[in-house]
Amino acid sequence: MKFRAVMSEYTHIREFLNIISTLSRMHKYLIINVQPTKVILQVDAEAYDGQYLWCEINAANRDGFFSEFIMDGIDATYNQIYMTTAATSFVRALSYVKTNAVDFVKLKLIKTHMPCLSVEISGNSNLQDVMTPKIQHSLPVTIVPRSEWDQYELPLAMDYDLSIIMPSVKSLRALLDKKKNLAPTLVLYATMDNELSLVVETEVVTVASHYRNLKCVPVVRSGVHETEQLTDLSEASCRVDTKKLAALFETTNFCETIMTANFRHEQALNIRFDIQQHAFVNFILPATNFE
(Lines give C-alpha, C1' and ligand atoms only; values in the text may rest on other atoms or scores of the structure.)
Protein backbone atom coordinates (compact mmCIF):
# COMPACT_ATOMS: atom_id res chain seq x y z
CA MET A 1 0.00 0.00 0.00
CA LYS A 2 1.10 3.51 -0.77
CA PHE A 3 -0.38 6.96 -0.20
CA ARG A 4 1.23 10.34 -0.72
CA ALA A 5 -0.56 13.65 -1.31
CA VAL A 6 0.67 17.25 -1.37
CA MET A 7 -1.36 20.43 -0.96
CA SER A 8 0.48 23.55 -2.07
CA GLU A 9 -2.29 26.15 -2.46
CA TYR A 10 -2.83 27.95 0.85
CA THR A 11 -6.59 28.48 0.37
CA HIS A 12 -7.03 24.74 -0.16
CA ILE A 13 -4.87 23.96 2.87
CA ARG A 14 -7.00 26.22 5.07
CA GLU A 15 -10.19 24.70 3.70
CA PHE A 16 -8.83 21.20 4.34
CA LEU A 17 -8.25 22.21 7.97
CA ASN A 18 -11.82 23.56 8.14
CA ILE A 19 -13.16 20.25 6.84
CA ILE A 20 -11.19 18.19 9.36
CA SER A 21 -12.24 20.56 12.17
CA THR A 22 -15.92 20.25 11.24
CA LEU A 23 -15.78 16.46 11.18
CA SER A 24 -13.82 16.31 14.45
CA ARG A 25 -16.54 18.22 16.29
CA MET A 26 -19.13 15.65 15.22
CA HIS A 27 -17.19 12.53 16.25
CA LYS A 28 -13.82 11.61 17.73
CA TYR A 29 -12.84 9.10 15.05
CA LEU A 30 -12.23 9.83 11.37
CA ILE A 31 -12.30 7.28 8.56
CA ILE A 32 -10.04 8.08 5.60
CA ASN A 33 -10.85 6.27 2.35
CA VAL A 34 -8.20 6.78 -0.33
CA GLN A 35 -9.15 5.93 -3.92
CA PRO A 36 -7.36 6.58 -7.24
CA THR A 37 -9.41 9.70 -8.04
CA LYS A 38 -10.72 10.88 -4.68
CA VAL A 39 -10.30 10.94 -0.93
CA ILE A 40 -13.34 10.45 1.29
CA LEU A 41 -13.29 11.60 4.91
CA GLN A 42 -16.17 10.36 7.04
CA VAL A 43 -17.13 10.13 10.68
CA ASP A 44 -17.71 6.78 12.32
CA ALA A 45 -21.05 7.57 13.89
CA GLU A 46 -24.69 6.56 13.71
CA ALA A 47 -24.68 5.20 10.16
CA TYR A 48 -26.80 2.36 11.49
CA ASP A 49 -29.49 4.96 12.23
CA GLY A 50 -29.48 6.43 8.73
CA GLN A 51 -27.29 9.41 9.66
CA TYR A 52 -24.16 10.04 7.60
CA LEU A 53 -21.52 12.76 7.39
CA TRP A 54 -18.68 12.69 4.91
CA CYS A 55 -16.49 14.82 2.67
CA GLU A 56 -15.36 13.85 -0.82
CA ILE A 57 -12.28 15.58 -2.27
CA ASN A 58 -11.41 15.35 -5.95
CA ALA A 59 -7.89 13.94 -6.21
CA ALA A 60 -7.72 13.78 -10.02
CA ASN A 61 -7.56 17.53 -10.71
CA ARG A 62 -4.05 18.92 -10.13
CA ASP A 63 -5.56 22.42 -9.89
CA GLY A 64 -7.69 21.22 -6.97
CA PHE A 65 -6.73 20.37 -3.41
CA PHE A 66 -3.85 18.04 -4.27
CA SER A 67 -0.98 19.26 -6.47
CA GLU A 68 0.54 15.77 -6.11
CA PHE A 69 -1.31 12.53 -5.46
CA ILE A 70 0.00 8.95 -5.51
CA MET A 71 -1.72 5.87 -4.14
CA ASP A 72 -1.73 2.08 -4.41
CA GLY A 73 -4.51 0.15 -2.69
CA ILE A 74 -4.41 -3.21 -0.98
CA ASP A 75 -4.30 -4.97 -4.38
CA ALA A 76 -5.19 -4.46 -8.06
CA THR A 77 -8.78 -5.65 -7.56
CA TYR A 78 -9.52 -3.50 -4.52
CA ASN A 79 -7.46 -0.41 -5.25
CA GLN A 80 -8.44 1.49 -2.12
CA ILE A 81 -7.18 2.12 1.38
CA TYR A 82 -9.37 2.52 4.47
CA MET A 83 -7.80 3.79 7.66
CA THR A 84 -9.06 5.31 10.88
CA THR A 85 -7.46 7.88 13.14
CA ALA A 86 -8.32 10.25 15.98
CA ALA A 87 -9.95 13.32 14.42
CA THR A 88 -8.74 15.73 17.11
CA SER A 89 -5.15 14.56 16.59
CA PHE A 90 -5.48 15.38 12.88
CA VAL A 91 -6.70 18.87 13.78
CA ARG A 92 -3.77 19.41 16.15
CA ALA A 93 -1.33 18.26 13.47
CA LEU A 94 -2.69 20.94 11.12
CA SER A 95 -3.08 23.67 13.75
CA TYR A 96 0.04 25.56 12.58
CA VAL A 97 -1.91 26.46 9.43
CA LYS A 98 -4.45 28.50 11.42
CA THR A 99 -2.12 31.42 12.04
CA ASN A 100 0.79 30.89 9.68
CA ALA A 101 1.28 30.93 5.93
CA VAL A 102 2.75 27.67 4.62
CA ASP A 103 4.33 26.49 1.36
CA PHE A 104 2.83 23.01 1.43
CA VAL A 105 1.30 20.24 3.50
CA LYS A 106 2.31 16.68 2.69
CA LEU A 107 0.32 13.62 3.77
CA LYS A 108 2.03 10.24 3.58
CA LEU A 109 1.22 6.76 4.84
CA ILE A 110 4.30 5.43 6.64
CA LYS A 111 5.14 2.48 8.85
CA THR A 112 7.52 2.65 11.75
CA HIS A 113 6.64 0.33 14.59
CA MET A 114 3.01 0.85 13.56
CA PRO A 115 1.10 2.38 10.61
CA CYS A 116 1.03 6.18 10.75
CA LEU A 117 -0.15 9.06 8.64
CA SER A 118 2.70 11.53 8.39
CA VAL A 119 1.63 15.20 8.25
CA GLU A 120 4.53 17.38 7.13
CA ILE A 121 4.15 21.18 6.98
CA SER A 122 6.64 23.54 5.40
CA GLY A 123 6.30 27.05 6.77
CA ASN A 124 6.66 30.16 4.66
CA SER A 125 9.39 32.62 5.58
CA ASN A 126 9.99 35.79 3.55
CA LEU A 127 13.20 36.57 5.40
CA GLN A 128 16.39 35.23 3.81
CA ASP A 129 18.21 34.92 7.12
CA VAL A 130 15.41 32.99 8.83
CA MET A 131 15.16 29.24 8.45
CA THR A 132 11.93 27.96 6.99
CA PRO A 133 10.11 26.12 9.77
CA LYS A 134 9.36 22.44 9.24
CA ILE A 135 6.66 20.71 11.29
CA GLN A 136 6.00 17.00 11.19
CA HIS A 137 3.48 14.85 13.02
CA SER A 138 2.91 11.12 12.81
CA LEU A 139 -0.69 10.17 13.46
CA PRO A 140 -1.26 6.54 14.44
CA VAL A 141 -3.77 4.94 12.08
CA THR A 142 -5.56 1.62 11.96
CA ILE A 143 -5.67 0.03 8.52
CA VAL A 144 -9.15 -1.40 8.00
CA PRO A 145 -9.09 -4.92 6.51
CA ARG A 146 -11.05 -5.59 3.32
CA SER A 147 -13.54 -7.76 5.24
CA GLU A 148 -14.71 -4.69 7.22
CA TRP A 149 -15.11 -2.17 4.38
CA ASP A 150 -18.84 -2.78 4.08
CA GLN A 151 -19.55 -1.20 7.45
CA TYR A 152 -18.31 2.15 6.08
CA GLU A 153 -20.39 2.07 2.90
CA LEU A 154 -22.04 5.41 2.08
CA PRO A 155 -25.37 6.12 0.29
CA LEU A 156 -23.67 7.76 -2.69
CA ALA A 157 -26.58 7.27 -5.11
CA MET A 158 -29.60 8.32 -3.06
CA ASP A 159 -32.44 9.85 -5.10
CA TYR A 160 -34.14 13.08 -4.01
CA ASP A 161 -37.43 14.77 -4.87
CA LEU A 162 -36.55 18.45 -4.56
CA SER A 163 -33.40 20.53 -4.06
CA ILE A 164 -33.09 24.15 -3.03
CA ILE A 165 -30.13 26.48 -2.49
CA MET A 166 -30.04 27.40 1.20
CA PRO A 167 -29.46 30.78 2.88
CA SER A 168 -26.18 31.56 4.62
CA VAL A 169 -24.71 29.34 7.30
CA LYS A 170 -24.59 32.32 9.66
CA SER A 171 -28.33 32.94 9.30
CA LEU A 172 -29.26 29.28 9.83
CA ARG A 173 -26.85 28.89 12.74
CA ALA A 174 -28.51 31.74 14.66
CA LEU A 175 -32.00 30.50 13.81
CA LEU A 176 -31.41 26.88 14.80
CA ASP A 177 -29.69 27.93 18.01
CA LYS A 178 -33.02 29.43 19.10
CA LYS A 179 -35.24 26.63 17.81
CA LYS A 180 -33.26 23.68 19.21
CA ASN A 181 -34.53 24.36 22.74
CA LEU A 182 -38.18 24.72 21.73
CA ALA A 183 -38.89 21.21 20.47
CA PRO A 184 -36.99 17.98 19.75
CA THR A 185 -37.98 17.99 16.08
CA LEU A 186 -38.13 20.53 13.30
CA VAL A 187 -39.89 20.33 9.94
CA LEU A 188 -38.27 21.78 6.84
CA TYR A 189 -40.46 22.57 3.82
CA ALA A 190 -39.17 23.48 0.37
CA THR A 191 -41.37 24.51 -2.55
CA MET A 192 -40.96 24.94 -6.29
CA ASP A 193 -41.72 28.62 -5.64
CA ASN A 194 -38.17 28.96 -4.29
CA GLU A 195 -39.25 29.09 -0.66
CA LEU A 196 -37.83 27.32 2.38
CA SER A 197 -39.60 27.14 5.75
CA LEU A 198 -38.40 25.85 9.11
CA VAL A 199 -41.23 25.04 11.51
CA VAL A 200 -41.16 24.07 15.19
CA GLU A 201 -44.36 22.98 16.90
CA THR A 202 -45.08 22.64 20.60
CA GLU A 203 -48.29 22.16 22.58
CA VAL A 204 -48.68 25.90 23.03
CA VAL A 205 -47.03 27.55 20.02
CA THR A 206 -45.95 27.06 16.42
CA VAL A 207 -42.87 28.99 15.33
CA ALA A 208 -42.23 29.24 11.59
CA SER A 209 -39.37 30.95 9.78
CA HIS A 210 -39.55 31.55 6.03
CA TYR A 211 -36.89 32.22 3.43
CA ARG A 212 -38.02 33.44 0.03
CA ASN A 213 -36.35 34.14 -3.30
CA LEU A 214 -34.03 31.18 -2.98
CA LYS A 215 -33.40 28.92 -5.97
CA CYS A 216 -34.71 25.42 -6.66
CA VAL A 217 -32.22 23.35 -8.64
CA PRO A 218 -32.96 20.39 -10.96
CA VAL A 219 -32.95 16.97 -9.36
CA VAL A 220 -31.31 14.30 -11.48
CA ARG A 221 -32.18 10.79 -10.42
CA SER A 222 -29.78 7.96 -11.13
CA GLY A 223 -30.68 6.26 -14.39
CA VAL A 224 -33.17 8.98 -15.39
CA HIS A 225 -32.58 11.21 -18.40
CA GLU A 226 -32.17 14.85 -17.41
CA THR A 227 -34.96 16.06 -19.71
CA GLU A 228 -37.62 13.79 -18.21
CA GLN A 229 -40.10 14.86 -15.56
CA LEU A 230 -38.45 13.80 -12.32
CA THR A 231 -41.17 14.41 -9.75
CA ASP A 232 -44.78 15.53 -9.53
CA LEU A 233 -44.20 17.17 -6.15
CA SER A 234 -44.58 20.94 -5.90
CA GLU A 235 -43.11 20.84 -2.39
CA ALA A 236 -41.21 18.45 -0.18
CA SER A 237 -40.74 18.23 3.56
CA CYS A 238 -38.84 16.32 6.20
CA ARG A 239 -39.06 16.23 10.00
CA VAL A 240 -35.61 15.89 11.57
CA ASP A 241 -33.91 15.98 14.95
CA THR A 242 -33.50 19.68 15.79
CA LYS A 243 -30.33 19.35 17.87
CA LYS A 244 -28.57 17.15 15.32
CA LEU A 245 -29.26 19.65 12.55
CA ALA A 246 -28.21 22.57 14.77
CA ALA A 247 -24.98 20.74 15.67
CA LEU A 248 -23.94 20.70 12.02
CA PHE A 249 -24.26 24.46 11.62
CA GLU A 250 -22.57 25.09 14.96
CA THR A 251 -19.45 23.28 13.70
CA THR A 252 -19.40 24.38 10.04
CA ASN A 253 -16.76 26.92 9.08
CA PHE A 254 -16.15 26.75 5.32
CA CYS A 255 -14.84 29.79 3.45
CA GLU A 256 -16.26 29.45 -0.06
CA THR A 257 -19.26 27.19 -0.31
CA ILE A 258 -22.64 26.72 -1.94
CA MET A 259 -25.11 25.00 0.37
CA THR A 260 -28.00 22.91 -0.96
CA ALA A 261 -30.83 21.12 0.83
CA ASN A 262 -31.95 17.92 -0.90
CA PHE A 263 -35.28 16.46 0.18
CA ARG A 264 -36.42 12.87 -0.06
CA HIS A 265 -40.00 13.64 0.82
CA GLU A 266 -40.80 12.59 4.41
CA GLN A 267 -37.83 10.20 4.41
CA ALA A 268 -34.49 12.03 4.54
CA LEU A 269 -32.80 15.42 4.40
CA ASN A 270 -29.40 15.91 2.81
CA ILE A 271 -27.41 19.11 3.37
CA ARG A 272 -24.62 19.42 0.81
CA PHE A 273 -21.76 21.96 0.93
CA ASP A 274 -19.93 22.39 -2.39
CA ILE A 275 -16.47 23.75 -1.61
CA GLN A 276 -14.44 25.57 -4.26
CA GLN A 277 -15.66 23.17 -6.97
CA HIS A 278 -13.15 20.55 -5.85
CA ALA A 279 -14.81 19.03 -2.79
CA PHE A 280 -18.17 18.63 -1.11
CA VAL A 281 -19.47 17.74 2.33
CA ASN A 282 -22.65 15.68 2.65
CA PHE A 283 -24.77 15.41 5.79
CA ILE A 284 -27.77 13.08 5.73
CA LEU A 285 -30.38 13.07 8.46
CA PRO A 286 -33.20 10.52 8.39
CA ALA A 287 -36.76 11.61 9.01
CA THR A 288 -37.89 11.18 12.58
CA ASN A 289 -41.35 10.93 14.09
CA PHE A 290 -40.62 11.29 17.78
CA GLU A 291 -42.17 14.25 19.60
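If you read the sequence from its start, that first residue is 1, and numbering goes on from there.
Atom OG of S24 is separated from atom CD1 of I19 by 12.0 Å, given to the nearest 0.5 angstrom. From F3, atom CZ reaches atom CZ of F69 across 5.5 Å, with rounding to the nearest 0.5 Å. Taken to the nearest 0.5 Å, the CD1 atom of I31 stands 11.0 Å off from the OG1 atom of T142. Here R25 contributes atom CZ and I20 contributes atom CD1; the two are 11.5 Å apart, rounded to the nearest 0.5 Å. For the atom pair CZ (R239) and CG (L269), the distance works out to 13.0 Å, reported to the nearest 0.5 Å. Taking SG from C55 and CD1 from I275, the interatomic distance works out to 5.5 Å, rounded to the nearest 0.5 Å.
Contact of the V102 side chain with the Y96 side chain is registered, since non-hydrogen atoms from C-beta on lie closer than 4.5 Å. In this structure, the side chains of E195 and H210 stay at 4.5 Å or more apart for every pair of heavy atoms. Looking only at side-chain heavy atoms (C-beta outward), Q136 and I121 stay at 4.5 Å or farther from each other. For the pair M7/S67, no side-chain contact is recorded, criterion being any heavy-atom separation below 4.5 Å from C-beta on. The shortest distance between side-chain heavy atoms of S118 and L107 does not fall below 4.5 Å. In this structure the side chain of N61 reaches within 4.5 angstrom of the side chain of H278, judged on heavy atoms. Side-chain contact between N270 and Y52 is absent, with no heavy-atom pair separated by less than 4.5 Å. Between W54 and F283, the closest side-chain pair of non-hydrogen atoms is not below 4.5 Å.
With F249 as the aromatic partner, R173 does not meet the cation-pi criteria of under 6.0 angstrom to the ring centre and within 45 degrees of the ring axis.
Applying the under-4.5 Å side-chain rule to Ile, Leu, Val, Met, Phe, Trp and Tyr, the cluster around V6 extends to F104.
With sequence neighbours left out, the salt bridge (Lys or Arg N to Asp or Glu O under 4.0 Å) criterion links E9 to no other residue. Partners of K180 under the salt bridge (Lys or Arg N to Asp or Glu O under 4.0 Å) rule, at least two apart in sequence or in another chain, are D177, E250. Residues passing the salt bridge (Lys or Arg N to Asp or Glu O under 4.0 Å) test with R62, sequence neighbours excluded: none. Under the salt bridge (Lys or Arg N to Asp or Glu O under 4.0 Å) criterion, D193 pairs with no residue at all, not counting sequence neighbours.
S171 places no side-chain N or O within donor-acceptor distance of the main-chain N or O of P167, the cut-off being under 3.5 Å. Judged by distance alone, the side chain of T22 and the main-chain N or O of T251 form a donor-acceptor pair under 3.5 Å.
Heavy-atom neighbours of I258 CD1 from other residues, nucleotides or ligands within 6.0 Å: at or below the threshold of 12. Annotation: K170, atom NZ; neighbour count of heavy atoms from other residues, nucleotides and ligands within 6.0 Å does not exceed 12. Y29 OH: 12 or fewer foreign heavy atoms inside a 6.0 Å radius.
The pair E68-R4 meets the salt-bridge criterion, with a side-chain N (NZ, NE, NH1 or NH2) lying under 4.0 Å from an Asp/Glu carboxylate O.
The heavy-atom pair separating L196 from A190 by the smallest distance is CD1-CB, 4.3 Å. Closest approach of P155 and I284 over heavy atoms only: CG-CD1, 3.7 Å. Closest approach of K98 to R14, counting heavy atoms only: O-NH1, 3.4 Å. Across all their heavy atoms, A208 and V199 have their closest contact at CB-CG2, 3.9 Å. Taking each heavy atom of N79 and G73 in turn, the nearest pair found is OD1-N, 2.6 Å. Contact between A5 and F66 at its shortest, heavy atoms only, is CB-CD2, 3.7 Å.
No chain of hydrophobic side-chain contacts below 4.5 Å, direct or via other Ile, Leu, Val, Met, Phe, Trp or Tyr residues, connects I32 to M114. Hydrophobic clustering (ILVMFWY, side-chain heavy atoms < 4.5 Å, transitive): L214 and L245 are in one cluster. Tracing side-chain contacts under 4.5 Å through hydrophobic residues (I, L, V, M, F, W, Y), one never reaches I70 starting from I110; they form parts of separate clusters. Both Y10 and F254 belong to a single network of hydrophobic side chains, linked directly or stepwise wherever heavy atoms of I, L, V, M, F, W or Y lie under 4.5 Å apart. V169 and M26 fall within a single hydrophobic cluster, where Ile, Leu, Val, Met, Phe, Trp and Tyr side chains are chained together by heavy-atom contacts under 4.5 Å.
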Legend entry - Criterion side chain to side chain donor-acceptor pair (under 3.5 Å) on E266 and S237, from CA distance to verdict: CA-CA 6 Å; E266 297 183 346; S237 65; 4.5 Å; no

Inset, instruction - Could you please spell out the steps behind the side chain to side chain contact (heavy atoms under 4.5 Å, CB included) verdict for V34 and M71? - result: CA-CA 8 Å; V34 181; M71 68 83 60; 3.9 Å; yes

Inset, instruction - Take L248 and L176 through the side chain to side chain contact (heavy atoms under 4.5 Å, CB included) test and state the conclusion after the steps. - result: CA-CA 10 Å; L248 174 69; L176 289 168; over 6 Å; no

Legend entry - Derivation and outcome, side chain to side chain contact (heavy atoms under 4.5 Å, CB included), residues Y211 and L198: CA-CA 9 Å; Y211 292 93; L198 291 80; 3.9 Å; yes

Inset, instruction - Any chance you could lay out the side chain to side chain donor-acceptor pair (under 3.5 Å) test for Q42 and N33, step after step, and finish with the verdict? - result: CA-CA 8 Å; Q42 64 188 97; N33 174 212; over 6 Å; no

Inset, instruction - Check step by step if side chain to side chain contact (heavy atoms under 4.5 Å, CB included) holds for F273 and F280. - result: CA-CA 5 Å; F273 303 85; F280 64 84; over 6 Å; no

Taking distance alone, no hydrogens or angles, what donor-acceptor pairs closer than 3.5 Å link side-chain atoms of residues 82-94 to residues at least two apart or in another chain?
residue, atom, partner, partner atom, Å
T85, OG1, P140, O, 3.0
S89, OG, R92, NH2, 3.2

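The ring of F263 has its center no closer than 6.0 angstrom to the ring center of Y160.
N213 and N194 are not linked by any side-chain donor-acceptor pair at a separation below 3.5 angstrom, with hydrogens and angles left out of the test. Looking at S209 and K179, their side chains do bring a donor and an acceptor atom within 3.5 Å of each other. The closest side-chain donor-acceptor pair between T288 and D241, if any, does not fall under 3.5 angstrom.
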